Amino acid sequence: MLRGRAAAISLMSFDLHTHTSASDGALTPRELVRHAAAAGVTTLAITDHDSVAGLLELPHVAGSPQIVAGVEFSTTWHGTGVHVLGLNIDARSDAMRTATGAQRAARRERAERIGERLAHCGVPNAFAQAQRIAGNDNISRVHFAAHLVEAGHARSPQQAFKRYLGAGKAGDVRNTWAPLAQVIEWIRAAGGTATLAHPMKYGLTRTKRRALIAAFAASGGQAIEVISGRQDPARTQALADDCTSYGLLASAGSDFHRPDEPWARLGMPLTLPAACTPVWDRW
Ligand code: AMP
Ligand code: MN
Ligand code: MN
Ligand code: MN
């Protein structure tokens with residue numbers, strides 16, 4: 001019996017962090033699901049930045065993985081930009097409607113400020129151009145990066161982030177988001193599991209990272225993302241230890257955006273350390 005269950009679990013391949021064209025991913029929701037199925041993913045969370053639009057328009061796809069409805073909220077904690085995943089949410093809930101509406105407005109306000117700041121650096125009209133590129137989708141720095149490349153201010157999106165949009169640069173405007181406790185509350189009100197995304201990607205010292213995790217847990221946070229894409233095993237172990245210290249569940253995801261990024265592939269191995277309690281244990 002136990003052997004059967006273990007065998008069944010080993011055949012499961014969970015990827016609980018992916019993006020579609022509803023935020024800054026390259027694939028439509030339907031294409032994402034097809035790619036994930038082809039890559040052997042059996043359970044797929046779709047977690048667009050501050051949006052559930054991709055989930056609401058997702059058609060039934062034959063042979064598709066099991067879909068977990070998700071979202072990746074932007075927030076700030078003591079001046080650091082932080083992302084919180086809502087996993088297994090009710091995408092049609094009032095809480096999600098309120099939350100995504102507020103975050104969409106925050107994104108627009110931030111984008112206007114990014115545009116003003118870029119104008120001071122010799123890039124005119126960036127807000128209107130980024131808005132045009134974003135179309136109906138939530139506007140993000142990725143759309144500014146596309147415009148900077150298109151207008152010849154940068155050779156690649158990476159260079160646009162390095163020069164104009166990344167941490168500490170003119171386009172790095174952080175303080176328009178809802179606070180950490182608010183995004184956790186929205187997720188829980190929508191029936192989801194609040195999961196701190198990629199804690200190693202905020203450039204924090206170990207002490208500050210643990211202070212963030214402590215604050216997250218104290219505000220009702222339930223899980224942390226122990227594996228985010230291709231990752232040094234020492235980091236995985238440190239995050240597994242953080243789970244144990246703070247009594248949190250563990251999640252794992254690729255943070256897939258597009259097929260040409262080998263560090264964030266669909267179907268990549270995302271096996272949690274045995275000491276972790278997986279976030280899906282409670283679903
Ligand atoms: P935003 O949600 O508007 O803050 O945009 C952040 C998104 O930009 C991230 O989710 C990544 O997809 C992308 N991004 C962040 N940093 C970089 C970078 N250095 N190079 C390319 N893309 C990046
Ligand atoms: Mn992104
Ligand atoms: Mn993120
Ligand atoms: Mn992400």
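All heavy atoms count here, side chains included; hydrogens, waters and symmetry mates do not. No experiment lies behind these values; they were computed from the predicted model shown. Whatever order the structure lists them in is the order used to number ligands and atoms, beginning at 1.
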Glu72: its N/O/S atom lying closest to the Mn ion (ligand 4) (atom name): OE1
- request: Considering just N/O/S atoms, say which atom of His83 is closest to the Mn ion (ligand 3).
  value: ND1
task: May I ask you to say whether Asp172 pairs ionically with Lys169, meaning some side-chain N is under 4.0 Å from a carboxylate O?
output: no
message: Tell me the closest heavy-atom pair linking Phe144 and Leu118, and the distance in Å.
response: CD2-CD1, 3.8 Å
message: Which atom name does His19 have for its N/O/S atom nearest to the Mn ion (ligand 4)?
response: NE2
field: Atom of His198 closest to the Mn ion (ligand 3), considering N, O or S atoms
entry: NE2
- prompt: Have Asp15 and Ser254 got a donor and an acceptor in their side chains that come within less than 3.5 Å?
  reply: yes
query: By atom name, which N, O or S atom of Asp255 is the nearest to the Mn ion (ligand 4)?
result: OD1
field: Within-4.5 Å side-chain heavy-atom neighbours: His83 and Ser74
entry: yes
- prompt: To the nearest 10°, what's the angle at the Mn ion (ligand 2) between atoms NE2 (His257) and OD2 (Asp24)?
  reply: 110°
task: Write the atom name of the N, O or S atom in His49 that is nearest the Mn ion (ligand 2).
output: NE2
task: Check His17 and report its N/O/S atom nearest to the Mn ion (ligand 4), by atom name.
output: NE2
- request: Indicate whether the side chain of His257 and that of Asp24 have a donor and an acceptor atom separated by less than 3.5 Å.
  value: yes
- prompt: Would you call Glu112 and Arg108 a salt bridge, using N to O less than 4.0 angstrom?
  reply: yes
